[in-house]
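These numbers come from the heavy atoms of this one structure, side chains and all, not from hydrogens, waters or symmetry mates. For ligands, and for the atoms within them, numbers begin at 1 and follow the listed sequence. Numbers here are sequence positions counted from 1.
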Amino acid sequence: MPKRPEELRSYRWLGTDGLRSFGHRSRLLQIGYDRADFAGKPVVGIVNTWSDANPCHVHLRTRADEVKRGVWQAGGFPLELPAMSLSENLMKPTTMLYRNFLAMETEELIRSQPIDGVVLLGGCDKTLPALLMGAISAGVPAIAVPAGPMLRGTWRGEVLGSGTDSWKYWDEKRAGTISEDDWHEIEGGIARSFGTCMTMGTAATMMSMIEALGFTLPGASSIPAADSGHARMATASGRRIVEMIFEDLTPDRILSAKSLDNAIVAHAGLGGSTNAVIHLVAIARRAGIPLTIDRFDEIARRVPVIADIRPSGRLLMEDFYYAGGMRAFLNRLSEHLELACTTVSGRTLGEEIAGAQVWHDDVIRPLDRPVSPSGGIAVLRGNIAPDGAVMKPPAADPRFLRHRGPVLAFESYDEMAAAVDREDLEVTPDHVLVLKNAGPQGGPGMPEWGMLPIPLKLVKAGVRDMLRISDARMSGTSYGACILHVAPEAYVGGPFACVQTGDVIEVDVGARRLHLDIGDDELARRRAAWTPREPRAARGYGAIFAQHVAQANDGCDFDVLGPGPALAEPEIH
Ligand code: FES
């Protein structure tokens, strides 16, 4: 039974006869709207993370207009709501410090205004998780318009991938195998259009997972940002949100343990970013659905990586789109999916992907010829990571999947950065580099420092991978034998704080083991001697962050933003 106009949330603001409604309506007339533009219509909030400071989102300014066109076509009334834009590229120390800020802003933008449903415009790494977290907490119908990946990079006939090839050629520059001029040419060729990173970084991973979760129109997440189909998808999403409002298709009807599993299956098949583990746990917890990081490991053990996309594979998101995109990819994984889950289209995931074909088997591989037979992600545990740590095995040199080596430990990023280019640094290719105090509180915000640079003297000797362990995150575009998200982090006194240069660490990814080879007594002695550090920020948002942020294995959300008793609608008087 569709909602009647007087049952809409916005009716309390715009439909009644009181003085306040008079004020609300008169101010919409002030903008130049006519009563016929909004009377009896659902109000659609377009939460837009466009910003001049976010190169990945420059097209969202016009995409918002294209969403509005769809809203008008379907008989809705669109209101664009600018929100903080989290530019992975420009924002320091890390956008992760602000994911919860954007999530809170989204929730309160919706709650405090006459919004019946929202279209979420984002894509650059933390933006879509944050927008969705906020919309889930607000509880109104929500549809995501992923920003879409940029076009392939190119340099002298070579294809360049965001991030992945920056790291690669940076090491070549450090080793002296490419020139300063070469490096500047790469700078001009690696980001050729608007849109997100086009490798399987965190942006492409999260956009794809949010589609698998059911929050985009089918196929939306893989359309290149510069493709005209992207604009048409935005308009179609505008039309659809109006229907969703009348159907009362709220996030709790889409989110379930099964739809979360679908997102994790997609993550495994894509060889997705390690950051997605944190975001999906946070999304699930907003909805009150239990999810632990171990679910990623369980599903990755049985789902092969079939998307041959960098950094785990060879190609890029543009290739993925031409190969059939997300619908074809999901259809190929259909035996692993819960096909009965509802999506924002009102149809099931199975209905939306039925018949979608893969056009290029070298991009979206057949299940019997995968990029990696399993293990897009592994969750490791041990005496220095009792609450877990994550790794992306397909992106690592296989020799490090079982390794025992001496530790070279750094207490901070600055200490590491000052040491790593020293020619007299005592380090061998078998060393295990350890970076501490880079977690949620220590970073603060868990910066993407986990792909520690290979020491210069080893780079010059041709070394391109080493075992690295930290409580930081790493970019989804990064690669290498990097064990990340060690929890609890060193900064709050987790046992990881006790690792010292000269210790020996053993890693066995097959056994999911991460072990500091010292006795329990010695570990206990070091823990007793550990002294807490001052909080990173004494005032402002940083102080709030430090007081409320959860550890990585719990999704890094704020404790006050989890599910709880429903908040009352704002009084209108
Ligand atoms: Fe925006 Fe990579 S910098 S998606």
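Remark: of the listed residues T202, T199, D125, T202 is the sole one forming a side-chain hydrogen bond (donor to acceptor under 3.5 Å, both in side chains) with S273.
Sorted by first then second residue, the ring pair (Phe, Tyr, Trp, His ring centres under 6.0 Å) pairs that include residues 117-157, not counting sequence neighbours, are W155-Y169. The salt bridge (charged side-chain N to carboxylate O under 4.0 Å, His left out) pairs that include a residue from residues 184-200 are R156-E185, where partners are two or more places apart or lie in different chains.
With waters neither drawn nor counted, the protein N/O/S atoms under 2.8 Å from atom 2 (Fe) of ligand 1 amount to 1.
Checked against side-chain hydrogen bond (donor to acceptor under 3.5 Å, both in side chains), W167 has the following partners two or more places apart in sequence or in another chain: T477, S478.
Between F545 and F558, the distance from one ring center to the other falls under 6.0 angstrom.
Under 3.5 Å, the side chains of E489 and Q441 contain no donor-acceptor pair of N or O atoms.
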